[in-house]
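Working notes, beginning with the structure itself.
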Amino acid sequence: MNIKRILITGGAGFLGSHLCDRLVDAGHDIICLDNFFTSQKRNVAHLLGRPNFELIRHDVTRPVFLEVDEIYNLACPAAPGHYQYNPIKTMKTSVMGAINMLGMAKRCRAKVLQASTSEVYGDPDVHPQPEDYRGSVNPIGPRACYDEGKRAAETLFFDYHRKNNTNIRVVRIFNTYGPKMHPFDGRVVSNFIRQALAGTDITIFGDGSQTRSFCYVDDLVDGLIGMMEGPDEFVGPINLGNPNEYTIKELAELVLELSGSSAKLIYTSLPADDPRQRCPDITLARTRLNWEPGVVLREGLLKTLEWFHTIDIADYRAPTPNF
Ligand code: NAD
Ligand code: UDP
């Protein structure tokens, strides 16, 4: 087997920790780099004794010099409450983090994958969203620090590719859920599950008719690795997400049914610039990567609920006052 030295920034986070698990188990030499802004060491604590795993506390807005073959650049707060807590830092993380990781990739001749997002499409007026849709983002709204930061990072990735021949991959991730989501990240799946298990009100923002498409984390990790290992000519951007679309009210009802909770649905105001609908067109991922999500929402929610039953909620705290 070809053992690679792989850097995962944001590796202690929700997606990053699953990616660490998978690549450590595959026998690669993994460096997990994180500043723990939205995560905790417990997500990767079980890997600390493994000889092919290393953990570094570092902030991607600062340069770092490592020797690696591949970089997955995942470092960035991803939940709206987290990225709006310090929006200027969020933009710096996306832009300066991208510059630092692209610089490292250029120096090491490493392959570098950017975790971009469906948020580059903003509140879309094309549905479902294909990769050539250029988006409808409000550049001065409360979500802009994240959306525009990720858009600028994509620009940097493609400029490094064109000008320096850097070996890049750009993946646009749609809403992903699963075990190890931070219970207080404020995202819809973690909120609804935590509320259902505690028997407190389920908070639907707006009338619950807005839609999202939810991808189970194992499927997403398959897609990330598939893209990294795919042919160098295929750099993306590529959508990764589950194309089955649900209203937020349908999601709430499903969480209630699966958890057996009798919590009440309550309706509160819709946050500014909240996208009305979101669903990936994954034709490109299907044809170029032969990738297709396999876990249906019901099954993925059951696995996520199972994990929430194993944790002690008191071990987690709401990490931002925005929640
Ligand atoms: P997460 O918040 O659990 O993970 C992000 C990780 O990055 C955390 O461990 C955090 O501590 C770390 N981090 C943040 N700022 C940092 C900095 N300046 N330096 C070093 N580390 C830093 O979120 P996630 O859901 O695992 O998301 C991972 C990546 O995937 C993010 O880039 C996010 O934008 C992208 N993404 C995720 C989703 C999703 O649904 N989960 C959707 C679209 C895009
Ligand atoms: N949402 C909700 N109740 C919550 C949290 C979120 O109704 O407790 C809604 C939110 O307004 C949005 C959708 O669920 O329409 C998805 O929100 P999330 O923050 O998970 O992700 P994003 O908006 O970034 O897709």
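All residue numbers refer to positions in the sequence shown, counting from 1. Computed from a predicted model, the values in this text were never measured in an experiment.
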Check whether any side-chain N or O of [X] sits under 3.5 Å from a backbone N or O of [Y] as a donor-acceptor pair, and report yes or no.
X: Asp219; Y: Cys215; answer: no
X: Thr200; Y: Ala196; answer: no
X: Lys180; Y: Asn43; answer: yes
X: Asn164; Y: Thr166; answer: no
X: Asn239; Y: Gln129; answer: yes

Practice problem: Dump the intermediate steps for salt bridge (charged side-chain N to carboxylate O under 4.0 Å, His left out) on Arg288 and Glu233, then the final yes or no. | Solution: CA-CA 11 Å; Arg288 298 297 302 261; Glu233 318 77 73; 5.4 Å; no
Sub-4.5 Å side-chain heavy-atom contact between [X] and [Y]:
X: Ser94; Y: Glu148; value: no
X: Arg42; Y: Tyr316; value: yes
X: Ser118; Y: Pro124; value: no
X: Asp34; Y: His58; value: no
X: Ser259; Y: Leu197; value: yes
X: Glu229; Y: Lys4; value: yes
X: Ile266; Y: Thr203; value: yes
X: Arg143; Y: Gln84; value: yes

Could you tell me whether the side chains of [X] and [Y] share a donor-acceptor contact shorter than 3.5 Å?
X: Glu245; Y: Ser213; result: no
X: Asn167; Y: Arg169; result: yes
X: Asn73; Y: Thr9; result: yes
X: Arg278; Y: Asn175; result: yes
X: Asp29; Y: Asn52; result: no
X: Asp21; Y: His46; result: yes
X: Tyr121; Y: Arg172; result: yes
X: Ser190; Y: Asp185; result: yes

Linking I/L/V/M/F/W/Y whenever their side-chain heavy atoms sit closer than 4.5 Å, directly or via other members, would [X] and [Y] fall into one cluster?
X: Leu297; Y: Phe174; value: no
X: Tyr267; Y: Leu251; value: yes
X: Val296; Y: Val189; value: no
X: Ile30; Y: Leu113; value: yes
X: Val171; Y: Val120; value: no

Do the side chains of [X] and [Y] get close enough for a salt bridge, i.e. N-O under 4.0 angstrom?
X: Arg5; Y: Asp69; value: yes
X: Lys150; Y: Glu154; value: no
X: Asp59; Y: Arg62; value: no

Rounded distance (nearest 0.5 Å) linking atom [atom1] of [X] with atom [atom2] of [Y]:
X: Arg22; Y: Leu224; atom1: CZ; atom2: CG; value: 9.5 Å
X: Leu284; Y: Ile238; atom1: CG; atom2: CD1; value: 4.5 Å
X: Asp123; Y: Ser136; atom1: CG; atom2: OG; value: 6.0 Å
X: Cys145; Y: Tyr85; atom1: SG; atom2: OH; value: 13.5 Å
X: Leu23; Y: His18; atom1: CG; atom2: NE2; value: 13.0 Å
X: Leu220; Y: Asp222; atom1: CG; atom2: CG; value: 9.0 Å

Quiz prompt | Sequence neighbours excluded, every pair satisfying ring-ring contact (aromatic ring centres under 6.0 Å, His included) that has a member inside residues 208-264 | solution = Tyr177-Tyr216
Quiz prompt | Asp315, CG: over 12 other non-hydrogen atoms inside 6.0 angstrom | solution =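 Enclosed: over 12 neighbouring heavy atoms sit under 6.0 Å from CG of Asp315.
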Quiz item: Should the heavy atoms of other residues, nucleotides or ligands under 6.0 Å from CZ of Arg134 be counted, would the total exceed 12?
Solution: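 Open.
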Quiz item: What residues, two or more places apart in sequence or in another chain, satisfy side chain to side chain donor-acceptor pair (under 3.5 Å) together with Asp218?
Solution: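 None.
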Practice problem: Take Tyr133 and Asp281 through the test side chain to side chain donor-acceptor pair (under 3.5 Å) and record every step on the way to the result. | Solution: CA-CA 10 Å; Tyr133 172 54; Asp281 178 336; over 6 Å; no
Quiz prompt | Cationic tip of Arg187 above Phe14 ring, under 6.0 Å, 45° of axis | solution = no
Exercise. Mind running side chain to side chain contact (heavy atoms under 4.5 Å, CB included) on Leu289 and Met227 for me, showing each step along the way?
Key: CA-CA 7 Å; Leu289 299 183; Met227 185 62 184; 4.1 Å; yes
What side-chain donor-acceptor pairs closer than 3.5 Å can you find for residues 304-314, not counting sequence neighbours?
residue: Thr304; atom: OG1; partner: Gly300; partner atom: O; Å: 2.6
residue: Thr310; atom: OG1; partner: Trp307; partner atom: O; Å: 2.6
residue: Asp312; atom: OD1; partner: Ala314; partner atom: N; Å: 3.1

Under 4.5 Å side-chain heavy-atom separation, chaining through any Ile, Leu, Val, Met, Phe, Trp or Tyr, what else clusters with [X]? Say none if it is isolated.
X: Ile31; result: Leu7, Leu33, Ile56, Val60, Val64, Leu66, Val68, Ile71, Met91, Val95, Ile99, Met101, Leu102, Met104, Val112, Leu156, Phe157, Phe158, Tyr160, Ile168, Val170, Val235
X: Leu270; result: Phe205
X: Tyr83; result: Tyr146

Quiz item: How far apart are the C-alpha atoms of Glu119 and Arg151, what are their side-chain angles, what is the distance that settles it, and do they pass the salt bridge (charged side-chain N to carboxylate O under 4.0 Å, His left out) test?
Solution: CA-CA 9 Å; Glu119 287 282 323; Arg151 286 171 69 97; over 6 Å; no
